[in-house]
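Notes follow once the structure below has been shown.
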Amino acid sequence: QVQLVESGGGLVQTGDSLKLSCADSGHTFSNYAMGWSRQAPGKEREFVAAISWTGSSTYYADSVKGRFTIPRNNAKNTVHLQMNSLKPEDTAVYYCAAESSGLGSRSSADFFSWGQGTQVTVSS
């Protein structure tokens, strides 16, 4: 199983960049696709990005395409979310999770072992 801990959130201004990290303390990280989702106050959790277990395939929500990337390092059991050109509408709690097929998915419902989340706030 994976045990995920997110970090790297904070308060930034519009146009800034921020890099989130998600670390797995287990021993099976490389078996899974990994993904990031976010949840803003009063809204449902929404898919942001995902990457296959090999890193060869990536998926992005239309709202972040071209601004966010999702690199992973299987040797270090980590996956990141590099966020550039941040907007106030990116404000949310960001969660990472695993997907068991290893291929990745655009649906948050396919992911499991959600971390505790990290808050990202983008001021205008």
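Ser17 and Val12 get closest at one heavy-atom pair: O-CG1, 4.5 Å. Closest approach of Met34 and Cys22 over heavy atoms only: CE-SG, 4.4 Å. Looking at every heavy atom in both residues, Tyr59 comes nearest to Leu103 through OH-O, 3.0 Å.
Within a 6.0 Å radius of NZ in Lys76, no more than 12 heavy atoms belonging to other residues, nucleotides or ligands are found. Residue-environment remark: CD (Gln13) stays at or below the threshold of 12 foreign heavy atoms within 6.0 Å.
Asp90 is linked by a salt bridge (Lys or Arg N to Asp or Glu O under 4.0 Å) to Arg38, Arg67, counting only residues two or more places apart in sequence or in another chain. Legend: residues meeting ring pair (Phe, Tyr, Trp, His ring centres under 6.0 Å) with Phe111, ordered by chain and number and at least two apart, are absent. Annotation: side-chain contact (heavy atoms from CB on, under 4.5 Å) contacts of Ser25 (sequence neighbours excluded): Gln3.
Put simply, CG on Leu4 and OG on Ser21 are 12.5 Å apart, with the number rounded to the nearest 0.5 Å.
Gln119 and Thr121 share a side-chain donor-acceptor pair at under 3.5 Å.
Criterion: ILVMFWY side-chain heavy atoms under 4.5 Å apart, direct or through other members. Under it, Leu18 and Val64 are part of a common hydrophobic cluster.
Tyr94 and Phe68 have tilted rings, their planes meeting at an angle from 30° to 60° on a 0 to 90° scale.
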